[in-house]
Amino acid sequence: MGVVERNWRRVGEGHSLYSEGRNIVRETSYRLSQFESEFEENLFAARREKLAAIAALGQQAYPNSFAFTHTLSKTAEEIPALLPLGLDAEGAPKTAEALEAEHITAAVAGRIVAIRLQGKAGFATLLQNGARLQIYVRKDDVGEPAFELYKLLDLGDHVGVTGTLMRTRTGELTLKVQTLTFLAKAMLPLPDKYSGLGDIELRYRRRYLDLFTDTGDFAELAGDAAEGTKPELLRAPAREVFVKRAAVLRSLRNFFDTRGYLEVETPMLHTIAGGAAARTFTTHHNAEDMKLTLRIAPELHLKRLVVGGLDRVYEINRNFRNEGIDRTHNPEFTMLEFYQAYANYHDLMDLTQELVKQVAMDVNGTLLTRFNGVEIDLAPHNWRKYSMREAITNFVKIELGIDAHENIFDSVQNFLAFLHIAAETAKASPNANSESWKSSGGRTDARRKRQIHSGIAGFESIPGIHAQLATSRNLGKAIAETFELLAEPHLIQPTIIYDFPLAVSPLSKVKADEPEWVERFEFYIGGFEVGNAFSELNDPLDQRNRFLEQLKERERGDAEAMAEVDEDYVRALGYGLPPTAGEGIGIDRLTMVLTGSRTIRDVILFPLMRPVKAVVEVDGEQPHGESAE
RNA sequence: GGACGCGUAGCUCAGCUGGUAGAGCAUUCGACUCUUAAUCGACUGGUCGCAGGUUCGAUCCCUGCCGCGUCCA
């Protein structure tokens, strides 16, 4: 025991707690448990007494199983679902009389999320598989001991019941209980039974509670809203989001499997991190005394596989990038990457639109999704396409009214002149109107103008900017950054941005007629990048030179540039990579779009959180499992 | 990294200009055999995030720290 938290307390000495017949629960010698308050500690003690009382009734305190006949799923699967049995062939609720005549019996299990005792009877609501069913327990039906058990139940307990389906006076489908089996006790207090966890932080830290208590967020209704008006759902319930996330993965696998792609798994532990521009997490292999980095992308391994003749491969797995956390970034995130021999980036544009369409239909049954209060249409005909250069000239016109010509991208002088005019315009007319921006759900116009001005002025004020831009590499970087500043926030509806500067694309093939530009595209939905694709560079010499260029970038201080030449990857290209196109799609971000989640933390079950408790050393030992820095 | 905001009972939240804290739910006890945010009656529950400072006196004002959120970089 190296460290403990402040509130650890001793809760039990060694003894046998329950010994009714076969129901024996032994406490191990003594143990420590954590309580956050006196209230919790007292509740825990009271629940242990209830457990003893339940054991005294002849029920097991912690039984091993319950033989249920029906689930509470909304749809029938392998195990019959109970709820559809309350409906007739047309899907209308069966009447109380019809249910009584049918006498449907079932055994179901679930967690008690509401309980109402009324003297010698009571109602409770069971939650299982995300669905609810009311049960009705009458002393006359279940007998004295079972009703005593019912009175010992608490919110959060798990029970199994058998009984017959009925409908109450108020029309609710209800299981009239014949036998009641105790399954497990909630020893700690639950969140508010009506509003659930309102504390966002607790929702992430205690996802186990969030998953069965969260009912989502709704917009506040206006004071004059008509009676019965339903407020708009701003955030779907946590459980629903993660069910959909699983559906996204299933749909993607089906999409690729049916198109002849092979699912593969490549290393997460890399000796050389490559395939993306990002800072790394490093770790250490003890037995081999070897520094390892968690992968930032699977790209270079997947292309090795294409060299090996696996013409179509895909991988869905975690990437790790050592960077800040915000609405669209978590240090570990799930990436789909796929590669296809004999294809180029144009082929992947079409495939991408098809993929998004199919996944949306599989997951939501519709191509429309609401994100951040805006309706997004994912139908292929609604996608827009701009080259990066078009996007810059188009959105600088919309935002600042500036007519820019294609030749601004041809030389450092032209682009600097353009930036200067744009900055001055943004500064001079901070209150000019921009209906297009407003209608795209943006912030106030003046604020946006200031943002643009400070963004561009930031470029301009860098000491020696002219000298830095004097190389084409830096021109390319400036163009890419200008694109992000001017265009990215507008890309709410699905948009493909194609043809990227060579300088920011060390693994892409250059365009045949424009050596400073590469065959690469990214697609944007909801105002952020969802995917990135390109025609793969397959010339080993060119690739090696670009890696060397990356090393120089790193020496100049770019911490995201590649740190080492992956010579084996260059060698693999030396054996011949066919013309190939590849793409990466951020699964978390795609799930955000499809579930209307405004932050990546709402689509990751356990997003990275800082530890909250003060940890104190108890003795001189190192904490268990310490990893090397 | 910066700006702003938040942190009060187990949960959801009030708390005016500085005078040592309230509600609902949950918990505990009692009544109730068709309730459903059940109802009715009684009770319990707090280091007001942490540490300093100002003050006769701090949940409130100031500073720092921790955690979270929003926007920005």
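Below, read A as the first sequence line, B as the second, and so on, with proteins coming before strands; counting in each chain starts at 1.
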Mate of [N] where both pairing distances stay under 3.5 Å, Watson-Crick or G-U:
N: B/G45; value: none
N: B/G24; value: B/C11
N: B/G1; value: B/C72
N: B/U63; value: B/A51
N: B/C56; value: B/G19

Of the options [options], whose atoms approach the side-chain atoms of [X] most closely?
X: A/Arg610; options: B/G67, B/U27, B/C34; result: B/G67
X: A/Lys193; options: B/C11, B/G67, B/A38; result: B/A38
X: A/Tyr204; options: B/A26, B/G69, B/C32; result: B/G69
X: A/Arg601; options: B/G45, B/C68, B/C32; result: B/C68
X: A/Asp192; options: B/C11, B/C68, B/U33; result: B/C11
X: A/Pro191; options: B/C34, B/U28, B/C11; result: B/C11
X: A/Ala121; options: B/U33, B/U35, B/G45; result: B/U33
X: A/Arg47; options: B/U27, B/U33, B/C34; result: B/U27
X: A/Ala114; options: B/C11, B/U28, B/A38; result: B/A38
X: A/Leu197; options: B/C34, B/U12, B/U33; result: B/U12

Distance, [atom1] atom - from [M] to [N], rounded to whole angstrom:
N: B/G45; M: B/G10; atom1: C1'; answer: 9 Å
N: B/C50; M: B/C6; atom1: C1'; answer: 16 Å
N: B/C13; M: B/A26; atom1: C1'; answer: 14 Å
N: B/C43; M: B/A38; atom1: P; answer: 23 Å
N: B/U8; M: B/G67; atom1: C1'; answer: 16 Å
N: B/C16; M: B/A73; atom1: P; answer: 36 Å
N: B/C66; M: B/U54; atom1: C1'; answer: 23 Å

message: Centroid separation under 6.0 Å, is that true for the rings of A/Phe528 and A/Phe371?
response: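 Yes: the rings meet the under 6.0 Å criterion.
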
query: Between A/Tyr136 and A/Tyr150, is the gap from one ring center to the other below 6.0 Å?
result: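 No.
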
Can you see if the side chain of [X] gets near the phosphate of [N] - specifically, an N or O under 4.0 Å from OP1 or OP2?
X: A/Lys139; N: B/U33; result: no
X: A/Ser37; N: B/G10; result: yes
X: A/Arg206; N: B/C11; result: no
X: A/Arg116; N: B/A38; result: yes

Touch class at under 4.0 angstrom, heavy-atom based, for [X] against every strand present:
X: A/Asp199; value: sugar-phosphate
X: A/Gly324; value: nothing
X: A/Thr168; value: base
X: A/Leu117; value: base
X: A/Lys176; value: nothing

- request: May I have the step-by-step check of side-chain contact (heavy atoms from CB on, under 4.5 Å) for A/Phe500 and A/Glu522, ending in yes or no?
  value: CA-CA 9 Å; A/Phe500 277 55; A/Glu522 291 183 343; 3.4 Å; yes

task: Please check if atom CD in A/Glu100 has more than 12 non-hydrogen atoms from other residues, nucleotides or ligands closer than 6.0 Å.
output: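 Counting neighbours around CD of A/Glu100, 12 or fewer heavy atoms of other residues, nucleotides or ligands fall under 6.0 Å, so no.
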
message: Around atom CZ of A/Arg279, are there more than 12 heavy atoms from other residues, nucleotides or ligands closer than 6.0 Å?
response: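 No.
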
field: Length of the CZ-P vector between A/Phe528 and B/C71, whole Å
entry: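 Rounding to the nearest Å, CZ of A/Phe528 and P of B/C71 are 13 Å apart.
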
task: Whole angstrom is fine here: how far is it from CZ in A/Arg203 over to P in B/C11?
output: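 Value for this atom pair: 15 Å.
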
task: Hey, could you give me the CD/CZ distance between A/Glu323 and A/Phe281, rounded to the nearest 0.5 Å?
output: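 CZ of A/Phe281 is found 8.5 Å from CD of A/Glu323.
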
task: Supply the atom-to-atom distance A/Asp157 CG to A/Lys50 NZ, rounded to the nearest 0.5 angstrom.
output: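 NZ of A/Lys50 is found 7.5 Å from CG of A/Asp157.
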
message: If you compare all heavy atoms of A/Leu133 against all heavy atoms of A/Leu173, which two are closest, and at what distance to 0.1 Å?
response: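 Taking A/Leu133 first and A/Leu173 second, the nearest heavy atoms are CD1-O, 3.9 Å.
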
field: Heavy-atom pair of closest approach, residues A/Pro489 and A/Glu484
entry: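 Heavy-atom minimum between the residues: CD-O, 3.6 Å.
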
message: Within 45 degrees of the ring normal and closer than 6.0 Å to the centroid, is that where the cationic atom of A/Arg111 sits relative to A/Phe212?
response: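 Satisfied, under 6.0 Å and within 45°.
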
- prompt: Does the B/U39 base have a donor-acceptor partner in the side chain of A/Gln118 within less than 3.5 Å?
  reply: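 In this structure, the two groups form no donor-acceptor pair.
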
message: Can you pull out the residues from residues 143-151 of chain A that lie within a 4.0 Å heavy-atom distance of RNA chain B?
response: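 Nucleic-acid contacts, sorted: none.
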
message: By the rule that syn is within 90° of 0, classify the base conformation of B/U17 as syn or anti.
response: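 This nucleotide is in anti.
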
